[in-house]
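Encoded as structure tokens, the structure appears first; notes follow it.
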Amino acid sequence: MTRNTDIGDDSGDAVTDGGVAEDGQRSGFSPVAALNERFGSDFVESSQFWLPPFLLVGLFVYGAIIWNLLISLTDFTGFGTPDYSDLDLQMYSRALADSGFVDAAINTFILLVGFTLVTLALGLGLAILIDRNIRFENTFRTIYLLPMSLSFVVTAQFWAWMFNFNNGVINIVITSLGLGRVDWIGNPDIVLWAVMFALMWQFAGYAMVVFLAGLRAIPNEHYEAAKVDGASTVRMYWRVIIPQLKGSTISASVVLMVFALKAFDFLYSLVGGYRPPNGADILATKMVREAYANLNWAYASAVAITLFVMTLGIVGPYLYYQYNRGNL
């Protein structure tokens, strides 16, 4: 005789308030499921591909930055090991009191702003000219972009020959015009502008390509609407077209400013040493000179951290801008 009851059997097949699942397993928190739910359905499964490079970058890039920061808080010089028992900001105070550091920082800022603005303007002008469906467009685009494929070392050697006081092409030309020779590298009043001109020659083609891509992405209806409204060509570009190149301008500006901050190899190759002429010394050259010529490791680390903060001040807002646009 079978007894009928209202109580579920002991097998645990029914879900009860005690959390017994239908398969007999007690429900609980799953870290894997939580990670997959937060970062994507295959986050944990794909970790074998992204985790090793993530750890390597964390160790050799961000770990090195943190180590460099610690060294900058010591007084480490010469050979040996730094003493981490007494950390302070003495090297940063020394930098602010060092006229060489201040001059290098000013030169870096001038190079950063001047090179970026003029290169952007030159690249935009070239992009607009090429976008007007000129003949041999592909040929001109290749010619303008070709210097970008050269390394800083090659560019520096090329312009060292061009700027040569006795046999440089530039001085030969201006001498044939009845003007005197100019010491482009040795004159502290113009050497930074000569360096800036050489860098603009190399990167104007890059800015042109970025702006040209932005111009080609603007619908033709915008050009036609501006012409229907009676706008001249200059007004059409100034009021209608150029404002739509905001994204291209920001992207190109970030790349150009970062290259301006890391122009050490260009200056080193141009003058053949750690010490550029007065007027052309920037933070990158001062950092390397203090580290490898003077063995002032802590002071060089403080200069390096200053450069890192400047770079972060450029890249950080750009990443935030891209994040707000949903591109990250």
Side-chain angles (χ1 to χ4, degrees), residues 27-92 95 108 112 148-149 151-153 206 210 247 250-266 268 282-292 295-328:
S27 62
F29 175 75
S30 174
V32 173
L35 289 174
N36 285 335
E37 181 179 359
R38 176 65 180 86
F39 297 104
S41 59
D42 58 349
F43 177 78
V44 176
E45 290 79 2
S46 62
S47 61
Q48 57 182 319
F49 301 104
W50 61 261
L51 186 57
F54 177 82
L55 294 177
L56 290 175
V57 170
L59 175 62
F60 293 104
V61 177
Y62 299 103
I65 292 174
I66 296 174
W67 188 24
N68 193 77
L69 175 61
L70 291 176
I71 293 177
S72 71
L73 300 177
T74 67
D75 57 354
F76 182 35
T77 59
F79 299 99
T81 57
D83 181 13
Y84 299 109
S85 61
D86 186 17
L87 303 181
D88 54 38
L89 300 175
Q90 180 182 356
M91 292 299 117
Y92 296 94
T108 301
L112 181 73
M148 180 64 186
S149 64
S151 69
F152 270 173
V153 176
Y206 165 77
V210 174
I250 293 176
S251 299
S253 299
V254 171
V255 173
L256 292 175
M257 286 189 286
V258 170
F259 271 108
L261 290 177
K262 51 180 287 188
F264 162 78
D265 44 356
F266 178 85
Y268 181 86
I282 60 176
L283 289 177
T285 54
K286 183 171 181 58
M287 173 191 68
V288 177
R289 186 170 65 253
E290 291 293 341
Y292 296 104
L295 300 182
N296 293 326
W297 305 109
Y299 189 37
S301 296
V303 179
I305 292 298
T306 303
L307 269 175
F308 172 73
V309 172
M310 293 179 65
T311 306
L312 194 62
I314 295 170
V315 178
Y318 173 73
L319 294 178
Y320 181 74
Y321 168 76
Q322 294 291 348
Y323 176 78
N324 288 337
R325 296 186 61 186
N327 295 332
L328 293 179

### Task
Please test Lys286 against Tyr299 for side-chain contact (heavy atoms from CB on, under 4.5 Å), starting from the C-alpha separation and ending with a verdict.
CA-CA 10 Å; Lys286 183 171 181 58; Tyr299 189 37; 3.7 Å; yes
### Message
Let's go through Leu112 and Ile314 carefully: what are the C-alpha distance in whole Å and the side-chain angles of both, what is the deciding distance for side-chain contact (heavy atoms from CB on, under 4.5 Å) to 0.1 Å, and is it a yes or a no?
### Response
CA-CA 11 Å; Leu112 181 73; Ile314 295 170; 4.0 Å; yes
### Message
Evaluate Thr77 against Asn296 for side-chain contact (heavy atoms from CB on, under 4.5 Å), listing each step before the verdict.
### Response
CA-CA 5 Å; Thr77 59; Asn296 293 326; 3.8 Å; yes
### Task
For Tyr323 and Leu319, run side-chain contact (heavy atoms from CB on, under 4.5 Å): C-alpha distance rounded to whole Å, both residues' side-chain angles, the deciding distance at 0.1 Å, then the answer.
CA-CA 6 Å; Tyr323 176 78; Leu319 294 178; over 6 Å; no
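By the 4.5 Å heavy-atom criterion applied to side chains, Phe259 and Phe152 are counted as neighbours. Between Thr74 and Asp83, the closest side-chain pair of non-hydrogen atoms is not below 4.5 Å. At a threshold of 4.5 Å between non-hydrogen side-chain atoms, the residues Tyr268 and Thr285 do not count as touching. Between Tyr62 and Trp67, the closest side-chain pair of non-hydrogen atoms is not below 4.5 Å. Contact annotation: the side chain of Arg289 never approaches that of Phe264 to less than 4.5 Å [non-hydrogen atoms, C-beta and beyond].
In terms of heavy-atom proximity, Ser72 sits nearest to Tyr92 at OG-OH, 2.7 Å. Closest of all the heavy-atom pairs between Pro52 and Ser47 is CD-O, 3.6 Å. What you find for Ser251 and Tyr206 is that their closest heavy atoms are O-OH, 4.2 Å. The nearest pair of heavy atoms linking Gly247 to Arg325 is CA-NH1, 4.3 Å. Between Pro317 and Leu312, the closest heavy-atom pair is CD-O, 3.8 Å.
Paired with Leu87 under the rule side chain to side chain contact (heavy atoms under 4.5 Å, CB included), one option of Asp75, Leu73, Leu69, Ile71 passes, and it is Leu73. Tested against Phe308 for a side chain to side chain contact (heavy atoms under 4.5 Å, CB included), the candidates Ile65, Asn68, Val303, Leu261 yield a single pass: Ile65.
Of the inter-residue distances, the one linking Leu55 atom CG with Leu59 atom CG reads 8.5 Å to the nearest 0.5 angstrom.
Between Phe54 and Trp50, the ring planes are perpendicular. Angles over 60° get that label, and only those under 30° would be called parallel.
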